[in-house]
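These notes concern the structure reproduced below.
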Amino acid sequence: EILQTHKLLDRCEKALAERYTVHKLHEAADKEALIKSVAGKIRAVAGGNVDGALMDKLPKLEIIANFGVGYDSIDTKAAKQRNIRVTNTPNVLNDAVAELTLGLMIGLARRIPQGDQFVRQGKWPKQSFPLLTELNGKTVGILGLGRIGKEIATRCQAMKMRVVYHGRSRQHDEPYIFYDKLIDMARDSDWLVIIAPGGKGTEKIVSRQVLEALGPEGFIVNVARGTLIDEAAMLELLQSKKLGGAALDVFEKEPQVPEGFFALDNVVLSPHQGSATHQTRNKMGDLVVANIVAHFAGEPLLSAVV
Ligand code: NDP
């Protein structure tokens with residue numbers, strides 16, 4: 001029997017229901033009562049949002065199959081201590097997230113959403129749209145040159161941008177210039193693209209100082225997690241034009257977005273939709289199911305993180 005912690009795609013839910021008895025925690029009116037009634041039978045969790053306390057309530061739990069490559073909503077340390085496996089959904093979403101990133105960059109540089117509003121609101125015959133900027137010839141600093149970061153880098157090169165990166169370690173096989181200090185990369189970049197994991201290790205790593213180093217001509221793009229940026233400082237710097245612009249797919253307390261952003265025309269906002277296409281979400285769902293199936297067949301997991 002398995003516990004599902006949030007809504008999954010129909011195809012994924014169907015595949016799970018064909019194989020297992022599924023209990024849907026997110027649909028339960030009384031979540032504690034549901035957990036109590038099935039606790040001794042649950043051997044797998046499909047979805048995220050699992051802390052040590054929930055693990056302790058499920059003594060037979062063997063595996064948590066997260067829907068998403070970022071698994072910051074699962075306490076992996078607690079899982080390891082309890083001998084519980086954790087899987088995620090890497091690679092299948094790289095292209096979708098990289099495409100959205102480039103879309104956000106062009107959208108911000110050329111203010112495409114604002115242009116759309118300008119036309120729809122009948123302003124075009126009365127005033128001219130401002131002159132803006134281009135991506136080509138600019139330097140983009142990528143924070144997190146991982147699976148998705150590399151796909152973003154390839155696409156930025158196609159836009160004739162110069163690519164540099166920061167991470168905890170230099171990747172010797174990569175052709176791009178490495179910065180061991182994020183603040184130095186921000187100072188030297190026109191664009192800062194955030195695509196490193198969330199969680200404690202990266203909390204507010206894009207600090208006020210980093211944002212100030214990016215400066216009034218600099219653009220920030222966050223397609224990782226809201227927790228990586230000091231959001232309050234970013235809003236303040238955008239309002240005072242000490243930061244050039246921001247394209248944001250993720251937020252600290254999403255789906256709640258600080259209203260201050262709504263009044264800014266140097267910002268493009270997106271509802272955490274990096275992987276939100278039919279083709280990618282289906283592949284992610286298939287991987288969730290494949291990991292659970294592999295586990296109970298005693299086969300190697302396809303994408304284990306614990
Ligand atoms: P990877 O693990 O492949 O890459 C992560 C990169 O981040 C690595 O290059 C790593 O380099 C770097 N990194 C990790 N920790 C730190 C740190 N403390 N400081 C600096 N750099 C660090 O992950 P993916 O590319 O597959 O995914 C990245 C993230 O993107 C996910 O964790 C997820 O949160 C987010 N995401 C967002 C989506 C959306 O819808 N907006 C969709 C999919 C993913 P090094 O080890 O050298 O530090």
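Worth knowing before you read on, the calculation uses all heavy atoms, side chains too, and leaves out hydrogens, waters and symmetry mates. One-based numbering, in listed order, for ligands and for the atoms of each.
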May I ask you to check whether [X] has an N/O atom sitting below 3.5 Å from an N/O atom of ligand 1?
| X | answer |
| --- | --- |
| Thr202 | no |
| His166 | no |
| Gly149 | no |

Decide, yes or no, whether a salt bridge links [X] with [Y] under the criterion of side-chain N to carboxylate O below 4.0 Å.
| X | Y | result |
| --- | --- | --- |
| Asp56 | Arg82 | yes |
| Glu134 | Lys160 | no |
| Asp184 | Arg187 | yes |
| Arg155 | Glu151 | yes |
| Asp72 | Lys200 | no |
| Glu236 | Arg208 | yes |
| Glu32 | Lys57 | yes |

Using a 4.0 Å cutoff against the non-hydrogen atoms of [X], which atoms of ligand 1 qualify?
| X | value |
| --- | --- |
| Ser275 | 40 (O) |
| His272 | 39 (C), 40 (O), 41 (N) |
| Leu145 | 9 (O) |
| Ile205 | 19 (N) |
| Gly201 | 18 (N) |

Identity and separation of the nearest protein heavy atom to [atom]:
| atom | answer |
| --- | --- |
| atom 3 (O) of ligand 1 | Arg147 N, 2.9 Å |
| atom 28 (C) of ligand 1 | Ile195 O, 3.5 Å |
| atom 27 (O) of ligand 1 | Ile148 CD1, 3.5 Å |
| atom 43 (C) of ligand 1 | Val69 CG1, 3.6 Å |
| atom 38 (C) of ligand 1 | Val223 O, 3.6 Å |
| atom 12 (C) of ligand 1 | Gly144 CA, 3.8 Å |
| atom 42 (C) of ligand 1 | Val97 CG2, 3.5 Å |

For a quick check under 3.5 Å, do [X] and [Y] share a side-chain donor-acceptor pair by atom type?
| X | Y | value |
| --- | --- | --- |
| Asp173 | Gln171 | no |
| Thr89 | Lys283 | no |
| His23 | Glu1 | yes |

| Close approach of Pro90 to ligand 1, heavy atoms, under 4.0 angstrom |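 Outside the 4.0 Å threshold, so no.
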
Heavy-atom proximity to [atom], best of [options]:
| atom | options | answer |
| --- | --- | --- |
| atom 47 (O) of ligand 1 | Pro197, Ser169, Pro271, Ala224 | Ser169 |
| atom 9 (O) of ligand 1 | Gly146, Gly198, Gly167 | Gly146 |
| atom 15 (N) of ligand 1 | Arg168, Gln273, Gln171 | Arg168 |

| Other residues, nucleotides, ligands: >12 heavy atoms within 6.0 Å of Ile177 CD1 |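 For Ile177, atom CD1 is not crowded (no more than 12 foreign heavy atoms under 6.0 Å).
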
| request: Classify the angle between the aromatic ring planes of His166 and Phe178 as parallel (below 30°), tilted (30 to 60°) or perpendicular (above 60°). | output: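 Rings of His166 and Phe178: parallel, as their planes differ by under 30°.
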
